Amino acid sequence: MALLNEWLWQEEFWLPPGIHWRDTLMKEDEGHFPLPRDLVYTLPLAFAFIALRYVFERLIAVPLSKYLGVKDRLRIRAASVPKLETFYKQISRQPTQSEVVSLGKQCGLSQRKIQTWFRHRRNQDRPSNTKKFCEASWRFVFYLAAFTAGLAPWFWDHKECWRGYPKQPVTETHYWYYILELGFYLSLLLCVSVDVKRKDFKEQVIHHIATIFLLGFSYCANYVRIGTLVMLVHDSSDFLLESAKMLHYAGWTRTCDSLFVVFSLVFLVTRLVVFPLRVVHTTMVVSLDFFQPFFGYYFFNALLLVLQLLHIFWAYLILRMVYKFMFLGKVERDERSDEESEVEDEPEEDGDECSWEQRKGAINSKLASLANNCVLNNLTNQRNINSRLPKAR
């Protein structure tokens with residue numbers, strides 16, 4: 001541990017050339033220099049966020065969803081078949097044809113019943129609109145609060161991010177702003193297995209991990225000022241996205257479409273224009289006017305470029321939605337992150353929503369209709385034959 005500690009905190013990793021740790025010491029009246037031990041509070045804070053989210057969803061989000069008219073689709077629950085349930089949880093949710101035949105022999109069920117059971121079981125695990133609304137509302141509240149608290153003086157003059165670096169004191173406000181953001185993203189990463197899995201699930205995990213590394217490293221290297229700008233740029237469009245999701249689940253189509261247009265414009269401007277031309281340019285170019293590049297400079301910019309690649313990926317999905325919105329006149333689904341993973345790709349069959357008696361009645365009426373048609377056709381043919389026979393003298 002001593003060797004690891006000595007290697008990890010080498011000055012050339014964290015400080016520009018010619019700067020030593022003793023140069024970062026500050027007096028009490030000068031302020032507080034960010035220290036790695038300050039981040040120890042983020043892990044218990046992440047668990048506190050999870051507990052707070054649990055309370056928020058049940059006391060606020062669920063009643064709000066009912067008030068806004070969020071409706072959940074009624075789904076057929078799969079029958080209790082232990083062997084199929086074990087196969088579903090331990091082996092596969094979508095069995096192959098040979099596995100269906102084998103399961104049918106073990107359970108004494110037909111292949112169609114086996115396939116129907118797995119379809120019902122998969123649909124049973126699909127998240128309800130209420131669950132998705134609660135998840136979106138929790139993120140909306142945090143992102144909105146973070147965006148309103150993230151404005152700083154160096155937002156207008158980016159040179160202020162580096163003037164006096166690395167001996168820059170961190171105010172109490174920005175310290176808690178950093179700690180809360182880091183704790184929140186840690187809570188999202190811890191809950192990723194129980195949250196709604198979407199089409200960009202892997203990209204979301206990469207985004208959370210890159211953001212955590214970015215926040216943690218930038219705090220230890222005292223990149224706090226530029227780090228607040230990165231968080232501000234992200235929060236500016238994230239709370240619009242979550243609010244659009246909430247309205248979508250509530251069925252407020254027109255308002256959702258209008259808000260989606262606003263979100264698209266803000267996202268494309270902030271992520272494809274402001275972020276690369278202002279934030280990334282500041283860290284890669286403007287910072288070199290104040291210090292020489294070091295390991296932290298390259299590592300921090302590499303993480304920013306990873307985020308920029310994710311921005312381009314999500315911008316592509318959003319532009320696809322804009323194209324559909326312009327030509328179809330409405331937003332059918334959220335290409336960015338509102339379309340769930342393979343669990344939800346399979347729709348319910350129409351026949352699954354009715355009872356067996358209803359199916360039986362429909363089949364009997366169809367057979368009766370076919371029988372009537374056959375009788376009418378036979379009578380018509382017989383009349384045609386009789387009309388062609390010569391009359392008896």
Side-chain angles (χ1 to χ4, degrees), residues 53 56-57 60-73 126-150 181 184-185 188 191-192 195-201 203-204 207-208 211 231-275 307 310-341 344-345:
R53 172 183 173 178
F56 172 85
E57 289 182 352
I60 299 178
V62 172
L64 181 61
S65 67
K66 295 179 180 178
Y67 177 77
L68 295 179
V70 178
K71 296 180 180 179
D72 296 327
R73 182 178 178 181
R126 294 169 64 177
S128 63
N129 287 335
T130 300
K131 175 179 174 58
K132 292 185 284 188
F133 178 90
C134 293
E135 178 182 320
S137 60
W138 166 248
R139 298 190 183 196
F140 165 76
V141 170
F142 181 85
Y143 290 142
L144 180 60
F147 174 72
T148 55
E181 284 271 3
F184 179 76
Y185 279 102
L188 293 183
C191 295
V192 72
D195 284 342
V196 178
K197 291 186 178 180
R198 308 180 187 278
K199 216 174 183 182
D200 61 348
F201 173 76
E203 289 79 9
Q204 284 285 356
H207 174 269
H208 294 338
T211 302
M231 291 185 287
L232 181 66
V233 169
H234 284 74
D235 295 337
S236 62
S237 60
D238 284 343
F239 80 90
L240 293 173
L241 173 64
E242 301 303 332
S243 59
K245 288 182 182 180
M246 294 168 60
L247 296 175
H248 170 70
Y249 302 139
W252 295 29
T253 306
R254 292 185 179 180
T255 309
C256 175
D257 291 349
S258 302
L259 194 57
F260 167 74
V261 173
V262 177
F263 157 74
S264 301
L265 293 175
V266 174
F267 183 92
L268 295 176
V269 171
T270 56
R271 306 295 179 92
L272 300 185
V273 179
V274 176
F275 187 80
L307 288 181
L310 294 175
H311 296 165
I312 296 173
F313 169 77
W314 284 319
Y316 163 73
L317 297 181
I318 291 173
L319 290 176
R320 283 179 56 185
M321 291 189 67
V322 171
Y323 174 81
K324 293 180 180 179
F325 179 80
M326 293 176 61
F327 288 91
L328 299 179
K330 62 178 181 178
V331 181
E332 293 184 344
R333 64 181 182 270
D334 182 358
E335 292 282 357
R336 177 178 181 268
S337 60
D338 193 36
E339 183 175 342
E340 284 70 20
S341 62
E344 291 204 335
D345 285 341

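For this chain, numbers begin at 1 and follow the sequence in order. Just so we're clear, the structure is a prediction, and the values are computed from it rather than from any experiment.
Annotation: the span from Met246 atom CE to Cys134 atom SG amounts to 9.5 Å, rounded to 0.5 Å. The line from CG of Leu241 to CG of Leu259 is 9.0 Å long, rounded to the nearest 0.5 Å. Distance check, rounded to the nearest 0.5 Å: OG1 of Thr255 to CZ of Phe260 gives 15.0 Å. Expressed to the nearest 0.5 Å, how far CZ of Arg126 lies from NZ of Lys132 amounts to 7.5 Å. Met321 contributes atom CE, which lies 11.0 Å from atom CG of Leu319 (distance to the nearest 0.5 angstrom). Put simply, OG1 on Thr253 and NE2 on His248 are 8.5 Å apart, with the number rounded to the nearest 0.5 Å.
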Walk me through it: do Asp235 and Glu181 pass the test side-chain contact (heavy atoms from CB on, under 4.5 Å)?
-> CA-CA 10 Å; Asp235 295 337; Glu181 284 271 3; 2.8 Å; yes
Begin from the C-alpha positions of Val70 and Leu64 and carry the test side-chain contact (heavy atoms from CB on, under 4.5 Å) through to its verdict.
-> CA-CA 9 Å; Val70 178; Leu64 181 61; over 6 Å; no
Please lay out, stage by stage, how Ile312 and Leu272 fare under the test side-chain contact (heavy atoms from CB on, under 4.5 Å).
-> CA-CA 7 Å; Ile312 296 173; Leu272 300 185; 4.2 Å; yes
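A tilted orientation is assigned to the rings of Phe184 and Trp138, their planes being inclined by 30° to 60°. The aromatic rings of Phe275 and His311 sit perpendicular to each other, their planes meeting at more than 60°, with 30° as the lower class boundary.
Here the shortest heavy-atom pairing between Ala244 and Cys256 reads O-SG, 3.4 Å. Counting all heavy atoms, side chain and backbone alike, Ile318 lies closest to Phe267 at CD1-CD2, 3.4 Å. For the pair Lys245 and Ala136, the tightest heavy-atom approach, listed with the atom from each and the gap, is CB-CB, 4.0 Å. Residues Ser236 and Val266 approach most closely at O-CG1, 3.8 Å, considering heavy atoms. Summarising the geometry of Arg53 relative to Cys191, their closest heavy-atom pair is NH1-CB, 4.0 Å, with the distance given to 0.1 Å. What you find for Ala61 and Phe133 is that their closest heavy atoms are O-CE2, 3.5 Å.
Under the side chain to side chain donor-acceptor pair (under 3.5 Å) criterion, Ser237 pairs with Arg271, sequence neighbours left out. The ring pair (Phe, Tyr, Trp, His ring centres under 6.0 Å) check on Phe239 picks up Phe147, with sequence neighbours excluded. With sequence neighbours excluded, the residues satisfying side chain to side chain contact (heavy atoms under 4.5 Å, CB included) with Val141 are Phe56.
Side chain of Asp72 to main chain of Asn129: a donor-acceptor pair is present (N/O by atom type, distance under 3.5 Å, no hydrogens or angles).
Electrostatic pairing of Glu135 and Arg139 counts as a salt bridge here, judged by a charged N lying under 4.0 Å from a carboxylate O.
Counting heavy atoms from C-beta outward, His234 and Leu307 have side chains that approach closer than 4.5 Å.
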